[in-house]
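The next block holds one structure in the form of structure tokens; read it before the comments.
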Amino acid sequence: MLEKVLSKNSCAECRFCCSFRRQSLWELPRLPLEFAERYQAGFDGEPVKYIIEENAGMKYAITDLTGKYLTDDPEEEVRCPFLDPSKGCFLPEADKPFECSMWPLRYMEMPDGGQKISLTPTCPAINRVPLDEMKELARGDAGKKIRKYAETHPYIIKDHVQGFEVLE
Ligand code: SF4
């Protein structure tokens, strides 16, 4: 979705957004229940556990990484079970979670109840892209796709967090 500003190679080499500290678990992609039924194992064949949650009246799944941390270190990161450390995400493009395709854009609910496309502040590659270009994407096709998907999958709308630049 963001090919104009984010090359596949940059993502394949980085994979920053596919590992999660405990405090970043809220960033896990929210998955359709059918996805969870279909992908019962990760890239290494190990079973994947899911947590079922609900937002905006609709159920969704997130991968359950809570039992995977080995230390008390808040900086410890645990990989998404679908990340092949040597090749990147092992999911076929068609099955890649929508939120992974739109990263580092987020669709967020603002304190006044409005919904805005916002930019995750921590993506190393996008931080080098001028903000105006990102605003243009949010106003253009990328924004349209996100808003359309959110109509049928409203659970992807996360509460706005300080530091996420509002793009529209
Ligand atoms: S599903 Fe794929 S792209 Fe999304 S966090 Fe997991 S490994 Fe990364």
Side-chain angles (χ1 to χ4, degrees), residues 1-55 58-70 73-108 117-129 134 137-138 141-143 145-150 152-159 161 163-164:
M1 189 184 301
L2 300 179
E3 301 80 11
K4 272 188 196 163
V5 291
L6 196 56
S7 76
K8 285 198 171 165
N9 283 348
S10 305
C11 291
E13 284 163 16
C14 171
R15 297 169 208 153
F16 167 81
C17 56
C18 302
S19 299
F20 301 85
R21 291 174 294 167
R22 285 183 185 83
Q23 66 193 52
S24 319
L25 290 174
W26 68 275
E27 288 260 37
L28 280 165
R30 295 176 177 178
L31 309 161
L33 298 182
E34 310 82 68
F35 177 101
E37 277 164 27
R38 181 163 182 195
Y39 285 99
Q40 293 284 308
F43 96 94
D44 54 2
E46 289 293 312
V48 175
K49 278 171 59 178
Y50 292 94
I51 300 171
I52 306 300
E53 297 185 338
E54 189 169 332
N55 185 27
M58 202 168 177
K59 288 189 175 161
Y60 62 91
I62 55 169
T63 50
D64 182 3
L65 303 185
T66 51
K68 302 279 183 186
Y69 294 93
L70 301 176
D73 182 352
E75 296 304 313
E76 181 184 356
E77 297 196 339
V78 167
R79 285 195 303 263
C80 170
F82 306 114
L83 179 65
D84 176 341
S86 61
K87 295 187 189 144
C89 183
F90 101 125
L91 295 169
E93 202 57 37
D95 287 347
K96 198 176 243 199
F98 188 82
E99 280 185 282
C100 300
S101 308
M102 66 189 261
W103 165 271
L105 298 180
R106 288 279 173 253
Y107 200 29
M108 299 189 123
I117 293 172
S118 307
L119 182 63
T120 306
T122 46
C123 173
I126 286 290
N127 279 343
R128 296 191 287 272
V129 176
M134 297 309 297
L137 283 170
D141 282 352
K145 276 187 200 158
I146 291 168
R147 281 184 280 272
K148 191 164 171 29
Y149 187 85
T152 49
H153 304 80
Y155 52 74
I156 68 160
I157 303 169
K158 293 173 170 161
D159 288 340
V161 174
F164 281 59

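Numbering of ligands and ligand atoms starts at 1, following listing order.
In terms of heavy-atom proximity, Pro97 sits nearest to Leu91 at CD-CD1, 3.6 Å.
When each atom of ligand 1 is checked for a heavy atom of Leu91 under 4.0 Å away, the hits are 1 (S).
Counting only N and O atoms by type, the side chains of Glu54 and Tyr60 include no donor and acceptor under 3.5 Å apart.
Distance CD1/Ile117 to CE/Met108: 12.0 Å, rounded to 0.5 Å.
Residues Asp73 and Arg21 are not paired through a salt bridge, judged by the lack of any N-O separation under 4.0 Å between the basic side chain and the carboxylate. A salt bridge links Arg106 to Glu27: at least one charged side-chain nitrogen sits closer than 4.0 Å to a carboxylate oxygen.
With a cut-off of 2.8 Å, the protein N/O/S atoms near atom 8 (Fe) of ligand 1 add up to 1.
In this structure, Arg128 has no salt bridge (Lys or Arg N to Asp or Glu O under 4.0 Å) partners at least two apart in sequence or on a different chain.
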